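Accompanying notes for the structure given below.
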Amino acid sequence: MMRSVSRVIAMIICALPAAAVAQELKPYTIVGDGIPDSLTGQPGDAARGRALVLARSSTCILCHSGPFPEARFQGDLAPSLAGAGHRATTAQLRLRLVDASRINPETIMPSYYRVDGLTRVGSAWRGKPILSAEQIEDIVAYLATLRE
Amino acid sequence: MMRRAAIAILALLGAALPGLAGEIGESARRSGYEFMSADTKAMQDDNTANPAMLSVLDGETLWRTKAGAAGKSCSDCHGAVDVSMKGVAARYPAFNAASGAPVDLGQRVNLCRRQHQEAEPFAPESRELLALTALIARQSRGMPITAGDDPRLAPSVAHGRALFMQRQGQLNLACTNCHDDNWDKHLAGSAITQAQPTGYPIYRLEWQGMGSLQRRLRGCMTGVRAQAYDFDAPDMIALELYLTSRAHGMAVEAPAVRP
């Protein structure tokens, strides 16, 4: 009885990574140095995007600073996000988030929408992108508003 | 013969390493201590304020406590800790001839537990293991780190270095990306530091307790969302060994305080 319960649990655990992999990434097309089309086919929500950039779990302000007076701890490993929407097009911002290594192979900025080519990913995160397609679109919409 | 040649080549490579881009030059090396606030430095400097000294006191009691089927204490074999253990921690991780592999100080204590006291080894991060390693490390305070000098360790040092350079985890970052290339910067509010293992075991304010170098390394691995190495795994020991050899000549400051 006990044993069958633990076997069921073991089966569920084994099945999990497969289920996570099955959560496939939405296909996208890189044109030049950007991804012109929304990953979701919908425009993102800039207000949600701002909250996401500030959320610890998104990891952005571990490295970046920006126009976020309420955020006490901001990183200085990367350029300020202020003016990001002035320096780059929406398509460029989208590729930057999806897979910054396509722009600069040596970059330390993580690829937020990529699951392949990674080493020893912890089991809680394996097979999953750091952000979902919806979250990427919300952040892109927000960054595009940072004009100065 | 083959083996000796391989070691010689590795040693040559090792000698060439500091020239590679990204690695920290000898004169630029700085302990984590130098990145701390004045308050935290003062806490480490004052033995009556340093919380890690409580662990050292605990270790002094354990040093004299008979244990295991052999009914022996550490002092029964080693005598006074301030004499026999002087400079020992500065050499660890060290080559263990029986296993042909490096062992760190905690593993060395547990080898004595098993072989000479005939007792169960202490669990990783247990109060006892941290106390005994803190006591032993304290006897090397101020002495230069020499771990990794043993040529038999060259392959393990090289392996540890490769692990340090390898990107890992969902965030796809290598230790070197932060600790060689960005040690003068900040990750959110935290100073990144050079990952010099000069102070372990430490009292860490964030933990509100003692912890080993292995615990600290597991923290950084989880931080980049990688699978942390198990305690005492060969990769873990190789990484510790590389870090210690990278700090060659720096002064031991254990047991240190860290934020």
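Residue numbers begin at 1 in each chain, while the letters A, B, ... track the order of the sequences. Everything numeric in this text was worked out from a predicted model, so none of it was measured.
A salt bridge links B:Asp180 to B:Arg246: one of the charged nitrogens lies within less than 4.0 Å of a carboxylate oxygen. For the pair A:Arg50 and A:Glu70, the salt-bridge criterion is met [side-chain N within less than 4.0 Å of a carboxylate O]. Under a 4.0 Å N-O distance rule, the pair B:Arg161/B:Glu23 qualifies as a salt bridge. A salt bridge does not link A:Glu137 with A:Lys26: every distance from a Lys NZ or Arg NE/NH1/NH2 to an Asp or Glu carboxylate oxygen is 4.0 Å or more.
Residues of residues 218-232 of chain B lying under 4.5 angstrom from chain A, judged on non-hydrogen atoms, are B:Thr222, B:Arg225, B:Ala226, B:Gln227, B:Ala228, B:Tyr229 in numerical order. Scanning residues 27-40 of chain A against chain B with a 4.5 Å heavy-atom cutoff picks out nothing at all.
Between chain A and the options B:Arg167, B:Gln170, B:Gln166, the largest number of non-hydrogen pairs under 4.5 Å is found for B:Gln170.
The contact between A:Arg114 and chain B is made entirely by side chain atoms (from C-beta outward), counting heavy-atom distances below 4.5 Å. Using a 4.5 Å cut-off between heavy atoms, B:Leu171 contacts chain A through both its backbone and its side chain. When heavy atoms are compared at a cutoff of 4.5 Å, A:Thr59 approaches chain B solely by way of its side chain, counted from C-beta outward. Both the backbone and the side chain of A:Ile108 come within contact range of chain B, with heavy atoms under 4.5 Å apart.
Distance check: B:His159 NE2 to B:Leu153 CG gives 13.5 Å after rounding to the nearest 0.5 Å.
Nearest heavy atoms, B:Met36 versus B:Val257: SD-O, 3.1 Å.
Between the A:Thr145 side chain and the A:Tyr142 main chain, a donor and an acceptor come within less than 3.5 Å of each other. A donor-acceptor pair under 3.5 Å links the side-chain atoms of A:Gln135 to the main chain of A:Ser132, judged by distance alone.
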Would you please test B:Tyr33 and B:Asp45 for side chain to side chain contact (heavy atoms under 4.5 Å, CB included) and show each step?
-> CA-CA 10 Å; B:Tyr33 176 87; B:Asp45 292 342; 2.6 Å; yes
Could you walk me through whether A:Gln92 and A:Arg87 pass the side-chain hydrogen bond (donor to acceptor under 3.5 Å, both in side chains) check?
-> CA-CA 9 Å; A:Gln92 287 168 332; A:Arg87 289 189 294 274; over 6 Å; no
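A 6.0 Å sphere centred on CD of B:Glu34 holds more than 12 heavy atoms belonging to other residues, nucleotides or ligands.
In this structure, B:Arg30 is not positioned above the aromatic face of B:Trp183 in the sense of NZ or CZ being under 6.0 Å from the six-membered ring centre and within 45° of the axis.
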